[in-house]
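First up is the structure itself, then whatever we jot down about it.
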Amino acid sequence: MQERYDPAAIERGAQADWNAQRVFVADENAPGEKFYCLSMFPYPSGRLHMGHVRNYTIGDVLSRFMRMQGRNVLQPMGWDAFGLPAENAAMANGVPPAQWTRDNIAYMKGQLQSLGLSIDWTRELATCDPDYYKWNQWLFLRMLEKGIAYKKTGVVNWDPVDQTVLANEQVIDGRGWRTGALVEKREIPMYYLRITGHADALRGALDELPGWPERVRAMQANWIGQSHGVDVDFPYAADTEQLLGKAGVLRVFTTRADTLMGATYVAVAAEHPVALAAAAGNPALAAFIDECRRGSTMEADLATQEKKGLPTGLHVRHPLTGESLPVFVANYVLMTYGEGAVMAVPAHDERDFEFAQQYSLPVRTVIASPSGAYAQVVAPWIDAYGEAGVTVDSGEFSGLDSAAAVDAIAAALSAKGLGAKRVQYRLRDWGISRQRYWGCPIPIIHCPTCGDVPVPDKDLPVRLPEDLVPDGSGNPLAKSAAFLHCACPKCGGEARRETDTMDTFVDSSWYFLRFTSRDNDQAMVDARADYWLPVDHYIGGIEHAILHLLYARFWTRVMHDLGLVKVAEPFANLLTQGMVLNHIFHRTPETGRREFFNPLDVDLVVDAATKQAVATLKKDGSVVTYEGLGTMSKSRNNGVDPNVITEKFGADTARLFMMFTAPPELSLEWSDDGVLGANRFLRRVWKAVYDHASLGAPVALDVVALEPADRDLRRIAHQTLGKVKDDIGRRQVFNTAIAAVMELLNAVGRHAGDAPQARAVRQEALEIAVLCLAPIVPHICHALWQSLGQAEPLYRVRWREVDPDALTQDLVEVVVQINGKLRGRISAPPGSPDVLLEAAALADETVQRFLEGKTPRKVVVVRGKLVNIVV
RNA sequence: GCCGGUGUGGCGGAACUGGUAGACGCAGCAGACUCAAAAUCUGCCAUGGGUAACCAUGUGUCGGUUCGAUUCCGACCACCGGCACCA
């Protein structure tokens, strides 16, 4: 064994051994209960960042730990390879997105491998591979057959200069990012997936996911939304009928049907058909509608917007009283929620109240406050006006509590054919059409005679040409004659291929299923998916808490309903890891752009007196502004390149630092000193084994021949073994597990003596330390295990069981409290009866002094832990 | 505004089921080794008082339950995240 810890050589050697033995290739037929450990696959942006390192280290520690527990582990890896950045890079460098993407994958794969992750690379996939996205297309066609996929118009951002559709992130302050042109809204046909059809199931099943963090479940529940209410139809009055040229109803959705008798007007969204019809002959209204539509995109972040509206001049009739009510266009009604229209009850809804005050509309009190907070609704608004109560002045519906009134009014409406109870979800259907090149083609052919024709299964995949280079002016697929022109599968006539591609969230909605059946070119998934699913542990960033996880749950449900997989929920346990933060420093010159400085180039000193942080540049001592901590990012120049750390200290140091510095769910502050500390610990472990091993092989351990100091060390070692298993296996916290091994190593350092049994105990303690660290820092442990004279390689070694005999103690410390305050400690044999402990505690010198002769009123004994004397 | 989370030393954090608050590490201070420095090792390290033994205080604030509360309950404050004219 070498005296010096040389991470580069050790890591190269360990990785070579693992690869040669194909240690991490998963096998469905291997013994042991399956454990599918999945980390969210990366977008191949070019280089790994520290967030990736953290994510994949957590997954790898769990995988390696479970492997040691005898589980049959699958840990795969792939690439979320379609997306906009590849097109941007292509425009900047003139390289096709395919080449840029594949180059990045090759580089980043090397980076991942240098971290020593226990990944089964035989199952690697990239979503831009035709044998992957073929099945996106195949399932899309099944959804089309089932009516789960459908076509309707949707609104997109249109850059009038580049003649192209822009993603939201390409719209900056309402202008195109490249041209600076004012972005327009355009309606175009798009494909949607009917995720709303599963809203109820997706919401309900959240309760059956105890392995998910509470906050993710709450975020999904909020996103899906759920309101129990009533659809109410307001028949058109004569003026509306005349304008629209037909009889009809204006439908609204309300959760407060109990207040229907207090409705004094109806408000519709700017995009509502009635509003648009009224605007045709009303320039002022048309201008207002225009304003509303602009406002909704550009001022979405305005918290308090003035309630504005205009009368349409049209009227509808109250469904129960027949009273004529005016119809307003209001900026607080959303076309995308419910029916795009609301009944307004100013007396019992705050927004309606505010609006009614502004436009002098009548306020009709129809609810009596159960707490007597008010008799009649008058300005100003108080929250009690909006609360449920008992109906008053509501004709035949008077005197009911709100819930009963909703039922009665819903029944009355239903009898007239003017309404019914309904559940409304906030969730909207998933629009998957993207007017871009670097994505999975939607398998549709447009035929002038047959219409939209699905591509037959035998012609799948519809291959994306890989040699195109986008130039920013529209989708290059639309300019590629080879792609565009085709024969109609139905009539054989000349037809045109759909040029839209799928949202990349489609790609990531089922990749975890494909890993199980990667080599099957006949089916999307096979029986192996049922073996491996559900994913036992899914690890990824909180930023995917809503969209990705919801889409993946939906997609799995669709596959389940089609009989393709047995599970309905894909992820049994979810671990959302925190972000990696670093200090941010900048300086804003009088002219020019703000300049950010890398933390490596800055000295940060906190003044002890003022508590003010002072940051100075290392090179010239000039002062820069300290902005605090923030996520590592290129734009703020506060990133740390993983390669720099692994090259300088090794992957094990990087892994140890990540796992030790914070629990996985919390954000992690980068600290160069912390990295040094992690490295220092590994050197200490190395030295401890070296010092021990260089004295030659120890004799066999004989537990009956141990000195007290030996028994102490052995007890600590076995306690550590138990704690580490519990911390990693049950609690999934790693920092405390590492802390426990550090304590063990400190104990080994204190343990002296060259007696044969002393050395045997140290041998066992070091073996346990190496086993406990093996999932976290696998390379150094691989080498140390050999140095400890073990014939079997560490990757084949199972976790060791705690020896209960090692944990026994002759005496345990018992704490003595008086009135809950710590006053002394006594030693007693474990399992001493309460009366003995009580007597010993009362006899204690310090205790006597504090009692000052007073008689205890009561004594509480917690066996083996403490005695509390109450006076 | 609504929903969720988090508040503990100079810093990251620990205390899992109500039972010794501050494990482990970082930084700092002192010492050993060294011609010296780095590295390494040892000791100290919540606050106030005291030479010390020790005493008092202390887990965002205020209250409650309990023999005993960082932990449970109530009210409030601050910060972070998500959603938001949601009918």
Would you indicate, yes or no, if B/A84 has its OP1 or OP2 atom less than 4.0 angstrom from a side-chain nitrogen or oxygen of A/Arg426?
yes
Please determine whether the number of non-hydrogen atoms from other residues, nucleotides or ligands lying under 6.0 Å from atom CZ of A/Arg428 exceeds 12.
no
Of A/Arg730 and A/Glu813, whose nearest nucleotide on RNA chain B comes first from the 5' end?
A/Arg730
Let me spell it out: for each of A/Gly677 and A/Arg215, pick the nucleotide of RNA chain B with the closest heavy atom. Which residue's pick is nearer the 5' end?
A/Arg215
Any side-chain N or O of A/Arg680 below 4.0 angstrom from OP1/OP2 of B/A27?
yes
Residues that A/Met579 engages under side chain to side chain contact (heavy atoms under 4.5 Å, CB included), provided they are two or more places apart
A/Leu581, A/Thr631
Look at all strands and tell whether A/Asp352 reaches a base, only sugar-phosphate, or nothing, counting heavy atoms closer than 4.0 Å.
nothing
What residues, two or more places apart in sequence or in another chain, satisfy ring pair (Phe, Tyr, Trp, His ring centres under 6.0 Å) together with A/His272?
none
Per-nt protein contacts along nucleotides 52-59 of chain B (heavy atom under 4.0 Å; B base, S backbone sugar-phosphate only, - none) come out as ---SSS--
If you look only at pairs with a residue in residues 677-689 of chain A, which of them pass as a salt bridge (Lys or Arg N to Asp or Glu O under 4.0 Å), with sequence neighbours excluded?
A/Lys687-A/Asp691
Exactly one of A/Arg730, A/Lys723, A/Lys725 should register a side chain to side chain donor-acceptor pair (under 3.5 Å) with A/Asp727. Which one does?
A/Lys723
Contact class for A/Arg825 (heavy atom, under 4.0 Å): base, sugar-phosphate, or nothing?
base
Whole-Å gap separating C1' (B/A39) and CZ (A/Arg684):
14 Å
Enter syn or anti for the glycosidic conformation of B/G9, syn applying to angles within 90° of 0.
syn
Go through B/C24, B/G13, B/C86 for me and flag the one nearest to the A/Met742 side chain.
B/C24
Once you apply a heavy-atom cut-off of 4.0 Å, does A/Val333 come out as touching a base, just sugar-phosphate, or nothing?
base
Any side-chain donor near an acceptor of the partner, A/Arg256 and A/His348, under 3.5 Å
no
Base, sugar-phosphate or nothing for A/Pro213? Non-hydrogen atoms, less than 4.0 Å.
nothing
B/C80 versus B/G60 - spacing of their C1' atoms, nearest Å:
15 Å
Cut-off 3.5 Å, side chains only: do A/Thr661 and A/Glu669 have a donor facing an acceptor?
no
Which is true for A/Ser671 with a 4.0 Å heavy-atom rule: it touches a base, it touches only sugar-phosphate, or it touches nothing?
nothing
Taking atom P in both B/C41 and B/A27, compute the distance separating them and give it to the nearest angstrom.
13 Å
Can you build the contact string for nucleotides 66-74 of chain B? Use B for base contact, S for sugar-phosphate-only contact, and - for no protein heavy atom under 4.0 Å.
-BS------
Could you provide the dot-bracket string of RNA chain B, using ( ) for intrastrand pairs, [ ] for crossing pairs and | for bases paired to another strand, with Watson-Crick or G-U pairs below 3.5 Å?
(((((((..(((......[....))).(((((.......))))).((((....))))..(((((..]....))))))))))))....
